[in-house]
Amino acid sequence: MKIDWNEFLNKQVNIIMKENYGVVYGIKKDDEPAFYEIVFKTGNLIKVFDDGLLLESVRDGKIYKSFIPHDSIKSVDIF
């Protein structure tokens with residue numbers, strides 16, 4: 001089944017991914033790792049492509065755009 005992502009433009013989405021998207025490095029505390037795997041992305045759906053979705057989010061006062069290929073999407077929450 002194909003979904004028409006255009007119906008959800010400008011909506012907040014939370015995408016859980018099939019594989020790790022990247023890592024965030026931090027300070028090692030006790031038994032916790034010094035980095036955390038990113039397995040989800042959250043943002044506003046701003047553009048739809050044949051091969052993926054473009055999200056826009058704000059972090060630390062900066063605007064970030066992330067491209068998520070359709071093949072990487074495991075599940076999506078739409079708000």
Side-chain angles (χ1 to χ4, degrees):
M1 177 175 104
K2 275 192 158 183
I3 187 169
D4 181 4
W5 290 103
N6 289 299
E7 292 181 35
F8 306 108
L9 283 172
N10 300 313
K11 297 277 186 179
Q12 180 84 13
V13 295
N14 183 34
I15 298 175
I16 298 173
M17 313 213 338
K18 291 180 184 175
E19 69 275 344
N20 299 337
Y21 189 78
V23 296
V24 174
Y25 292 93
I27 299 171
K28 185 170 177 63
K29 297 178 187 173
D30 300 324
D31 293 331
E32 295 180 23
F35 68 91
Y36 304 90
E37 297 173 327
I38 300 170
V39 294
F40 66 90
K41 268 312 232 188
T42 300
N44 288 325
L45 179 61
I46 60 168
K47 194 151 185 164
V48 176
F49 299 95
D50 290 339
D51 56 347
L53 307 174
L54 186 64
L55 303 185
E56 183 177 86
S57 58
V58 178
R59 186 175 63 231
D60 298 329
K62 295 182 181 177
I63 296 174
Y64 291 89
K65 292 185 173 128
S66 301
F67 177 77
I68 312 295
H70 289 306
D71 292 345
S72 296
I73 298 172
K74 184 175 185 178
S75 66
V76 179
D77 296 321
I78 302 166
F79 302 97

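Computed from heavy atoms alone, side chains included, the values below leave out hydrogens, waters and symmetry copies.
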Enumerate the residue pairs fulfilling side chain to side chain donor-acceptor pair (under 3.5 Å) with a member in residues 67-76, sequence neighbours excluded, ordered by first and then second residue. E19-S72
Do V76 and F8 have side-chain heavy atoms sitting under 4.5 Å apart? no
With T42 via side-chain hydrogen bond (donor to acceptor under 3.5 Å, both in side chains) - residues at least two apart: N14
With a 4.5 Å limit on heavy-atom distance, are the side chains of K41 and I68 in contact? yes
Taking Y64 as the starting point, is it possible to reach L45 by hopping between hydrophobic residues whose side chains are less than 4.5 Å apart? no
What donor-acceptor contacts under 3.5 angstrom involve side-chain atoms of residues 49-60, with partners at least two apart or in another chain?
none

Go through the structure and list residues passing side-chain hydrogen bond (donor to acceptor under 3.5 Å, both in side chains) with D77, not counting sequence neighbours. none
Linked, directly or transitively: I63 and I46 (ILVMFWY side chains, under 4.5 Å): no
Whichever hydrophobic residues join F79 through chains of side-chain contacts under 4.5 Å: none
With sequence neighbours left out, the residues meeting side-chain hydrogen bond (donor to acceptor under 3.5 Å, both in side chains) with N6 are D4
Between NZ of K47 and CG of L9, what distance do you get to the nearest 0.5 Å? 10.0 Å
